[in-house]
Amino acid sequence: MYKAIKLYRNYDDHGGAFGDISLQTHTPDPDEVSAFAAQHGADGAITLVVINKRLDAQAHVRISLSNLPDHGKVEAWQLVDNALTRKPDTSYTHATLTATLPQQSILLLVLPQPKPAKQGKKASGKRS
């Protein structure tokens with residue numbers, strides 16, 4: 001139970017937590033696979049928790065992301081057999097993310113808010 005709470009409150013041991021603004025999610029069969037999403041008010045990052053409740057099978061999920069950029073980076077943490085581990089970063093394209101969850105596991109995905117492009121310095125000069 002402690003690790004499940006840690007997943008929501010401090011998944012990265014640096015205060016990383018589930019967002020504070022709830023976002024709508026939908027799964028076709030929430031008795032098998034559930035999903036919860038939130039946005040961080042401070043930095044705009046999106047957190048998505050996907051729970052595979054199946055006792056005997058992996059869950060292959062396809063997540064459609066609305067109102068987000070068409071592509072982006074994804075950080076991942078996974079809770080399996082009471083072990084919380086950092087998974088390799090991945091990405092999503094065409095506003096779709098796919099993942100495979102082991103039986104009875106939780107996957108936390110973090111989609112950082114894209115940083116705006118830096119604007120170049122304006123040229124300056126003197127008038128003659």
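FYI, the numbering just counts along the sequence from 1.
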Is there side-chain contact between Y2 and N82, with at least one heavy-atom pair below 4.5 Å? no
Closest approach of P102 and V80, non-hydrogen atoms and distance? CG-CG2, 4.0 Å
In terms of heavy-atom contacts, P112 and K73 come closest through CD-O, 3.5 Å
Over all atoms of both residues, closest heavy-atom pair of N10 and G15: OD1-N, 2.6 Å
Under the side-chain hydrogen bond (donor to acceptor under 3.5 Å, both in side chains) rule, collect the residues that match up with K87, sequence neighbours excluded. none
Give a yes or no on whether L109 and L7 share a hydrophobic cluster (residues Ile, Leu, Val, Met, Phe, Trp, Tyr; joining criterion: side-chain heavy atoms under 4.5 Å apart). no
Closest non-hydrogen atom pair, A37 against L48: CB-CD1, 3.8 Å
Please answer: with hydrophobic residues joined when any side-chain heavy atoms are less than 4.5 Å apart, are L79 and V50 in the same cluster? no
Rounded distance (nearest 0.5 Å) linking atom OG of S66 with atom NE2 of H26: 11.5 Å
Would you sort out whether I63 and L65 count as a side-chain contact (heavy atoms from CB on, under 4.5 Å), showing the intermediate values? CA-CA 6 Å; I63 302 163; L65 305 167; 3.8 Å; yes
Pair T27, D29 - check side-chain contact (heavy atoms from CB on, under 4.5 Å), show working. CA-CA 6 Å; T27 58; D29 187 355; over 6 Å; no
Can you check whether Q113 reaches D43 side chain to side chain, under 4.5 Å on heavy atoms? no
Under 3.5 Å, side chain of S105 to main-chain N/O of N52, donor-acceptor pair present? no
Compare all side-chain heavy atoms of I51 with those of F36 and state whether any distance is below 4.5 angstrom. yes
Does D89, at its CG atom, have more than 12 non-hydrogen atoms belonging to other residues, nucleotides or ligands within less than 6.0 Å? yes
Report all side-chain donor-acceptor pairs from residues 91-100 shorter than 3.5 Å, counting only partners two or more places apart or in another chain.
unit_1 : atom_1 : unit_2 : atom_2 : d
Y92    : OH     : P69    : O      : 3.2
T96    : OG1    : H94    : O      : 3.1
T100   : OG1    : H60    : ND1    : 3.0

When you compare the side chain of V61 with that of L107, does any pair of heavy atoms fall below 4.5 Å? no
Are L108 and I106 joined in one hydrophobic group, where the rule is that I, L, V, M, F, W and Y side chains link up if heavy atoms are under 4.5 Å apart? yes
Please lay out, stage by stage, how R86 and D12 fare under the test side-chain contact (heavy atoms from CB on, under 4.5 Å). CA-CA 8 Å; R86 174 76 156 91; D12 61 359; over 6 Å; no
Nearest-0.5 Å distance that lies between atom CD in Q39 and atom OG1 in T47: 9.0 Å
Hydrophobic cluster membership, V74 vs Y8, 4.5 Å side-chain cutoff: no
Go through L55 and Q103 one step at a time and tell me if the side-chain contact (heavy atoms from CB on, under 4.5 Å) criterion holds. CA-CA 6 Å; L55 300 176; Q103 63 193 39; over 6 Å; no
Kindly give the heavy-atom pair with the smallest separation between I21 and G41, and that separation in Å. CD1-CA, 3.8 Å
Flag, side chain of K53 to backbone of P30, donor-acceptor distance under 3.5 Å: yes
With rounding to the nearest 0.5 angstrom, report the CD1 to CG distance, I46 to L23. 5.0 Å
Here the pair of heavy atoms bringing Q78 nearest to L101 is NE2-CA, 4.2 Å
Distance (rounded to the nearest 0.5 Å) between D31 CG and R54 CZ: 11.5 Å
